[in-house]
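Order of the sequence lines sets the chain letters (A, B, ...), proteins ahead of strands, with each chain counted from 1.
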Amino acid sequence: MTSSPAEPSDAHKELAKALERGAQAVVPEHGIAAKLALAESRNRPLRIKLGLDPTAPDIHLGFAVVLRKLRQFQNLGHQVVIIIGDYTALIGDPSGRSATRPMLSAQEIQANAATYTSQLSQILEANRTEVRFNSEWLGKLDFASVVQLASRMTVAQVLQREDFANRMAARQPVSLHELLYPLAQAYDSVAIEADIEMGGLDQTFNILAGRDLQREMGQEPQTALFMPLLVGLDGQKKMSKSLGNYVGIAEKPLDMFSKLMSLADTQMREYFTLCTDIPLEEMEQLLGTVAQGANPRDVKRRLAREIVKIYQGDAAAAEADAEWMRIHSAGELPSEIPAAELPSDAVRSGRVWVCRLLTVTGMAGGTGEARRLLEQGGVELNGKKLTDASLELPVEEVQNAVLRVGARRYARIEVKQ
RNA sequence: GGGGAGAUACCCGAGUGGCCAAAGGGGACUGACUGUAAAUCAGUUGCGGAAUGCUUCCGAGGUUCGAAUCCUCGUCUCCCCA
């Protein structure tokens, strides 16, 4: 059954190198080239597996790293198999968690999975993407089959895992059902006959368990392709929506651009590698110019522009760049300033109190905050700094005026009659 | 089934009768600096047209001149033993 796969050619190795761009690890080491050779010798596309937790879907650059990698395989004619872990979500993946995950309700899972599929199409090619729910096969297993499957893995093997080991050591509870998680994920690989499984390093145990189980069940073990987790804009934690350090792929070009420009210089290499298709040699050359004294801002602009281009197109990227320069470098006003309405009941005998102006336009959360912003010198009206919290402005002066709060919040005032 | 610990602002967390609108840290916001950032430094961070003003410390009652702090009941969380 496990006939030795064909020897990879130089061309395979070359392709594998490109596919391994940005990867953190590949197990076994030359597994990608080997799979490419296998695909060619058997004249069939590879099946690349990616398991997704149907929790909160949020397609941001971090998630896009993995999706773009999948797309790369698709471009070579391979088949992507997305597994929505609706059944495993009932267990709750213990990976990287110090506590038991809450179980999701069936409705939550359904709703999340639906949004996933629509979002995936933004990066993946639909006709080379198969979306499967693992309840399809896991739900069919009866207790005897589960027991039999479970017999293929030992408790010691499972407990070896860091998460469990740590929790045991810290006397945190580990529920029995959590021990079944790796087994379930491994069985997914068997069910869909995966050639390659992608995931983060936090998935090491689960993915390698898939290899073991496949071998046990007479299949050729999958190659594991580990992609790093993209560090978010804060430079500290992995990019995630809940941490607020993310860049969504559907954001407005200027927002995307601005967010990317706020990256720390030291994160540029990581973002170039994982979020763009710029050849690595070119990246090195660009980063090299910075070392020689070039303004890192310009290299970062290039980075931001490349990324915006991928999702919003070349024109939008160029526009975002120009706009950003206008605002930040030339210190000019943005070309589009959101309008804010000033309701008539905020006006008293032809005058508006500054604090009211700030709260009513949403620039300050309350009078106290408005006062603070004024006192701290963070408020400008038509380029004139305002600092007096008791100031009453005539309506004529406010109509159509540009209100700026802090470095980047603008509003054009529209007085409602 | 038995025993114990706890719930404080966006988050973590100190406070155990008045000196508490509540320490400290994180985060966020503002300013300075800059290369745009990061880093650093400084300030702010319940509401309030500001006042010896108002509403807060899981919820509901109570004790007291006075409660985040004490008591009762309730809700929820965690730990230990079985």
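If you check A60(B) for Watson-Crick or wobble pairing at under 3.5 angstrom, you find it paired to U72(B). Pair assignment for G35(B): none, as no Watson-Crick or G-U wobble contacts are both less than 3.5 Å.
When the C1' atom is compared between C76(B) and U30(B), the two are found 39 Å apart, to the nearest whole Å. Taking atom P on both nucleotides, C71(B) is separated from A7(B) by 14 Å, rounded to a whole Å.
Picking from U30(B), A37(B), G49(B) the nucleotide with the shortest atom distance to the side chain of E392(A) gives G49(B). With distances taken from any side-chain atom of S262(A) to the nucleotides C29(B), G49(B), A37(B), the minimum falls on A37(B).
Applying the 4.0 Å criterion to OP1 and OP2 of G48(B), one finds that T367(A) has a side-chain N or O inside that range. At the phosphate of U36(B), OP1 or OP2 sits under 4.0 Å from a side-chain N or O atom of R297(A).
With no hydrogens or angles considered, no side-chain donor-acceptor pair links Q312(A) and E251(A) at under 3.5 Å.
Put simply, the side chain of D265(A) and the base of G35(B) share a donor and an acceptor less than 3.5 Å apart. A donor and an acceptor atom sit less than 3.5 Å apart, one in the side chain of Q376(A) and one in the base of G43(B).
The minimum heavy-atom distance linking L333(A) with R326(A) is given by the pair O-CD, 4.2 Å.
C29(B) atom P lies 17 Å from atom CG of L358(A), rounded to whole Å. One can place CZ of R348(A) at 9 Å from P of G49(B), the figure rounded to the nearest angstrom. Between the CG atom of N295(A) and the C1' atom of U36(B) there is a distance of 8 Å, given to the nearest Å.
G377(A) comes within 4.0 angstrom of the backbone, heavy atoms only, and of no base. Within 4.0 Å (heavy atoms only), R301(A) reaches no atom of the nucleic acid at all.
Note on ring orientation: taking the six-membered ring where Trp is involved, the planes of W324(A) and F257(A) are tilted (angle from 30° to 60°).
Atom CG in D188(A) sits 4.5 Å away from atom CG in N134(A) (nearest 0.5 Å).
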